[in-house]
Asks: 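Dropping the structure in here first, questions after.
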Number of protein chains: 2
Amino acid sequence: MSINVKKLRGRPRVFDMDEALDKALAIFWERGYEGASLAELTETLGINKPSLYAAFGNKEELFKKSLSRYTSGPVAFVRDVINEPTAYKVAERFLLNAAEFLTAKDHPKGCMIVQAALSSGESADMVKDLLIQYRYAYEHQLVLRFEKAKIDGDLPDDAKPKSLAKYLATLHQGMSVQATSGTSKDELLEIAELALENWQNKNKLSK
Amino acid sequence: MSINVKKLRGRPRVFDMDEALDKALAIFWERGYEGASLAELTETLGINKPSLYAAFGNKEELFKKSLSRYTSGPVAFVRDVINEPTAYKVAERFLLNAAEFLTAKDHPKGCMIVQAALSSGESADMVKDLLIQYRYAYEHQLVLRFEKAKIDGDLPDDAKPKSLAKYLATLHQGMSVQATSGTSKDELLEIAELALENWQNKNKLSK
DNA sequence: ATATTTATTTACCGATTGGTATTTAAATAT
DNA sequence: ATATTTAAATACCAATCGGTAAATAAATAT
């Protein structure tokens, strides 16, 4: 007897919730929060509205759950990046992974956290604020990592972790806009390399 | 008799078209193309829908006219920047002006060309493509300027105008996202300075 | 077999979307 | 004065928005 197969009462759900969330994620990613209509969502998920609402709450809840799936799946690399051994390696992996990810062909271009609700109507205010928090969250992860790098002697004493982190976050967000505009992976890699050369010139410590 | 005061037939328009465009611009800038509703537009302009349609065509036309006013007004500095005497000065003015402009207090944060239609529903596809063209347009202005700088001996022979231009455009677009997220002018200036220090390190020519 | 529980389906809701037809008002030309 | 021209105001349109009530279907518990 395998675990967790206790039969549940009631009519069984005919769709897989995780698969449905992946499809919803793709739409929110492409269209943004307001640009994704219930009609397109239900059509793509292959379920009708009452099923969607019973399973996920409402549009905003569905977005938040899609977003959780986004952060634990496609962009988990941001969490891994801070484990690189040096500040330079962190910056390198961050920018190179971003160039790759933002232009990958198996999902929408650009970063959902950057673009899903930048300018929008009032109805998206909650989501807009939530995404702002997420943006600061990954930037702050970089701040902490660069503060550690200073202690490690891995960055010069006059280095400013906050500025360095914001510089990388800003490049990432700009690269996201570029990717959505049609800029290729190779072009983004050139930008990343430009930024990284400069990084080395400035922080004359080891790679 | 002053020029151009020939009396026109018909009931005179009660509102000033340029003032109305400025108000429409502020809304599109803040809300984006889709996020700006006809209701909010007419209410803010102080006119009703038939007047708006008679004067400007439709929502998309109104957006395009607002956008023209944006490019000839608030962001005209991008056109001026390429007249700076050296490549470095161009980069400097571009980034410093951007930090100032994107966080100014007399208009919405961020750049309309970057954010007014990044992710959106199908109804905004035309506007989305138009804004992509505008983004490439100002990037291309920088490309031309840096090609000239190479000829002038103002940039090293191995400099890549396209990459440098895209690097600046990417920073600008990221700074726009940052400004919309609440980042201050001073924080953006720190990023600009970071990028400019690196610029000097890399292109070891004069300021 | 019946009751209970949960999901799906169909049909609908009020509000809002961008956009207009019709009427009324204000100016000039004759 | 009257006709003509243009704009403003009221009232309306079909389509779509996010969201739901009510009925039906499919599973398990007793």
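Lettering of chains follows the sequences in order, A, B, ..., and the numbering in each one begins at 1.
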Asks: Atom CZ of B:Phe28 and atom CZ of B:Phe63: how far apart are they, to the nearest 0.5 Å?
Replies: 6.5 Å

Asks: Using a 4.0 Å cut-off on heavy atoms, which residues in residues 13-45 of chain B reach DNA chain D? List them by number, or say none.
Replies: B:Arg13, B:Val14, B:Phe15

Asks: Among D:dG19, C:dG18, D:dA25, which nucleotide has an atom closest to any side-chain atom of A:Lys49?
Replies: D:dG19

Asks: How do B:Arg9 and B:Asn48 order along DNA chain D: which one's closest nucleotide is nearer the 5' end?
Replies: B:Arg9

Asks: With the side chain of A:Arg11 defined as its heavy atoms from C-beta on, choose the nearest nucleotide among C:dA7, C:dA26, D:dA27.
Replies: C:dA7

Asks: With distance as the sole criterion, is a donor-acceptor pair present between the side chains of B:Arg135 and A:Ser181 under 3.5 Å?
Replies: yes

Asks: In residues 50-66 of chain A, which residues come under 4.0 Å of DNA chain C by heavy atom?
Replies: A:Pro50, A:Ser51

Asks: Regarding A:Thr183 and B:Lys166, do their side chains bring together a donor and an acceptor under 3.5 Å, going by distance alone?
Replies: yes

Asks: Using Watson-Crick or G-U wobble geometry with both distances under 3.5 Å, which nucleotide pairs with D:dT30?
Replies: C:dA1

Asks: Testing the 3.5 Å rule here: is there a donor-acceptor pair between the side chains of B:Glu187 and B:Ser184?
Replies: yes

Asks: For A:Gln173 and B:Gln173, does a side-chain donor sit closer than 3.5 Å to a side-chain acceptor?
Replies: no

Asks: Atom NE2 of A:His107 and atom CH2 of A:Trp29: how far apart are they, to the nearest 0.5 Å?
Replies: 4.0 Å

Asks: Paired with C:dT9 by Watson-Crick or G-U wobble geometry, both distances under 3.5 Å: which nucleotide is it?
Replies: D:dA22

Asks: Consider only side-chain N and O atoms of B:Gln115 and B:Thr180, and report whether a donor and an acceptor are under 3.5 Å apart.
Replies: yes

Asks: Nearest whole Å is fine: how far is C:dG18 P from B:Glu122 CD?
Replies: 16 Å

Asks: Does atom CD (A:Glu61) have a neighbourhood of more than 12 heavy atoms from anything else shown, all under 6.0 Å?
Replies: yes

